[in-house]
Amino acid sequence: MILEKVVLNNFRNYKLGTFDLDKRSTLLVGPNAIGKTSIVEAIYLLSTADSFRSGKIDEMISFENEISRVSGRLSELGDTKDSDFETIEILLNKGVISGKRTQKRLYTVNSAKKRRKDFVGKFLCVVFRPEDMRLIEGSKTRRRNFIDESLSVLDWQYDRSLKMYEEAHLKKNKLLWQIKEGLVPKTTLKYWNLTILKHGQYLQTMRQKFLDSFAEVDFPLRFRVEYVPSIISQERQDEYESREIASGHSLIGPHKDDFIVHLKDHLHQQTVPDFDVAIYGSRGQQRMAVLWLKVCQLKYLEKVSNQKALLLLDDIFSELDAQMREKVIGLLYERQSIITSADVLVKEELKKYIGEIKILDLNQSHHETKF
């Protein structure tokens, strides 16, 4: 699907913003803090129903407003008739509309209300931001989020299991503390352990399949990924029960999963084994590993969905060296892309490699902001 237009109403810094996008590549140019990332966030929200910045609704609704809307117009080829358009919209609110409590996110497709699971994935997108450069050497949570975001958008069961697991994990932690304090018996853990086991095993099975798919991706450097799960099983739950009660929180399960990216040194292929990029890799090798992960994510989504994903590059070129820039630009040929930059010279570089590109200068008055 092609995203032809995105409209922001009372979203972040935009009172009203309307942006017509090219079916190939669109460059959003403007100084820092003008709202480039907000546009990228809105597009990502339409695809996944989540924000990569913050899941808090109140932060996405512009100041002194109660409701925000983000809408998009989709078509198959980007040049179809009006009757072939599909309009998708997310309404964000603070939980109360006209004095009545309501869901904080409401979804519509062509003005018809939809459940979240029927809304997500109308079009696919992969976002690449400067913050992603910390994916390799950053926290386990960052790497788990990378996996969960990739799987949740295409697998409704995974998304549901993730939410059920997280809820059960919180409930169990509360009970473990109460058991430790002698307030409730150990038997209260049984139901939550069964819930954690059921959904945790599904999460780990799908995470393994996702990471296994990376071996099929062609890339200039020879990376591989090693899944490091905190295995959840009945036997391990029994084994760790006393230690969990003593500590007052869960010690095993998908909430502790991680993965390691390894690199084979091509200069010493026969004598030196591959190494953990986070520990032994150079800064350049770590950044290339992040790019590899993003390419793997992109290829996985496209293979499973059998459709091209929209590529969102948010002010990333300032973070890349020449080799990485060339690799990223190569991804633009086959799919729609939205690129943001504060550097006007980026447009000349992109034109040189990919030809025509639509330029939206955010300094101009084709939209209204709250500045």
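The figures that follow rest on heavy atoms only: side chains count, while hydrogens, waters and symmetry mates do not.
Judged as a ring-ring contact (aromatic ring centres under 6.0 Å, His included), the pairs with a partner in residues 105-131 (not counting sequence neighbours) are, in order, Tyr107-Phe119. The side chain to side chain donor-acceptor pair (under 3.5 Å) pairs that include a residue from residues 174-184 number zero, where partners must be two or more places apart or lie in different chains.
No more than 12 heavy atoms of other residues, nucleotides or ligands sit less than 6.0 Å from atom OH of Tyr191. With a 6.0 Å radius and a threshold of 12 heavy atoms from other residues, nucleotides or ligands, Tyr280 has its OH atom at or below the threshold. The neighbour count for Arg115 CZ, taken as heavy atoms of other residues, nucleotides or ligands under 6.0 Å away, does not exceed 12. Sparse packing is recorded around NZ of Lys186, with 12 or fewer heavy atoms of other residues, nucleotides or ligands lying under 6.0 Å away.
Scored by the salt bridge (charged side-chain N to carboxylate O under 4.0 Å, His left out) test, Glu167 finds no partners at all (sequence neighbours excluded). For Arg116, the salt bridge (charged side-chain N to carboxylate O under 4.0 Å, His left out) criterion is met by Asp50, Asp159, not counting sequence neighbours. Shown here are the side chain to side chain donor-acceptor pair (under 3.5 Å) partners of Glu216, two or more places apart in sequence or in another chain: Lys303. Residues that satisfy the salt bridge (charged side-chain N to carboxylate O under 4.0 Å, His left out) test with Lys198, not counting sequence neighbours, are absent from this structure.
Side-chain rings of Tyr14 and Phe19 approach one another, their centers coming within less than 6.0 Å.
No chain of hydrophobic side-chain contacts below 4.5 Å, direct or via other Ile, Leu, Val, Met, Phe, Trp or Tyr residues, connects Val228 to Leu263. Hydrophobic clustering keeps Leu170 apart from Ile232 (ILVMFWY residues linked when any side-chain heavy atoms are closer than 4.5 Å, directly or through intermediates). Under the 4.5 Å side-chain heavy-atom criterion for ILVMFWY residues, a single connected hydrophobic cluster contains both Leu154 and Met206. Residue Ile260 is not grouped with residue Val277 when hydrophobic side chains (ILVMFWY) are merged at heavy-atom distances under 4.5 angstrom, including chains of intermediate members.
Between the side chains of Tyr44 and Asp314, no donor N or O sits under 3.5 Å from an acceptor N or O. Side-chain N/O atoms of Ser161 and Gln157 include a donor and acceptor closer than 3.5 Å. Counted by atom type alone, Asp148 and Tyr158 present one or more donor-acceptor pairs between their side chains at under 3.5 Å.
The backbone N or O of Thr108 lies less than 3.5 Å from no partner atom in the side chain of Glu89, so there is not a single donor-acceptor pair. For Lys23 (side chain) and Ile2 (main-chain N/O), no donor-acceptor pair under 3.5 Å exists by modelled atom type. Listed for the Lys294 side chain is a donor-acceptor partner under 3.5 Å among the backbone atoms of Val127.
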### Task
Evaluate the criterion side-chain contact (heavy atoms from CB on, under 4.5 Å) for residue pair Ile339 and Ile357; output intermediate values, then yes/no.
CA-CA 10 Å; Ile339 306 129; Ile357 182 170; 4.2 Å; yes
### side-chain contact (heavy atoms from CB on, under 4.5 Å) evaluation trace for Arg24 with Lys358
CA-CA 8 Å; Arg24 290 287 304 280; Lys358 183 171 185 175; over 6 Å; no
### Query
Going through the distances and angles, do Lys172 and Glu244 end up as a salt bridge (Lys or Arg N to Asp or Glu O under 4.0 Å)?
CA-CA 10 Å; Lys172 180 179 176 179; Glu244 289 185 330; 3.0 Å; yes
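Note on Arg143 versus Asp258: salt bridge recorded, some NZ/NE/NH1/NH2 to OD/OE distance being below 4.0 Å. Salt bridge Glu349/Arg325: present, at least one basic N to carboxylate O contact under 4.0 Å.
Checking each of Phe223, Tyr300, Trp292, Tyr227 against Phe214 for a ring pair (Phe, Tyr, Trp, His ring centres under 6.0 Å) leaves exactly one that passes, namely Trp292.
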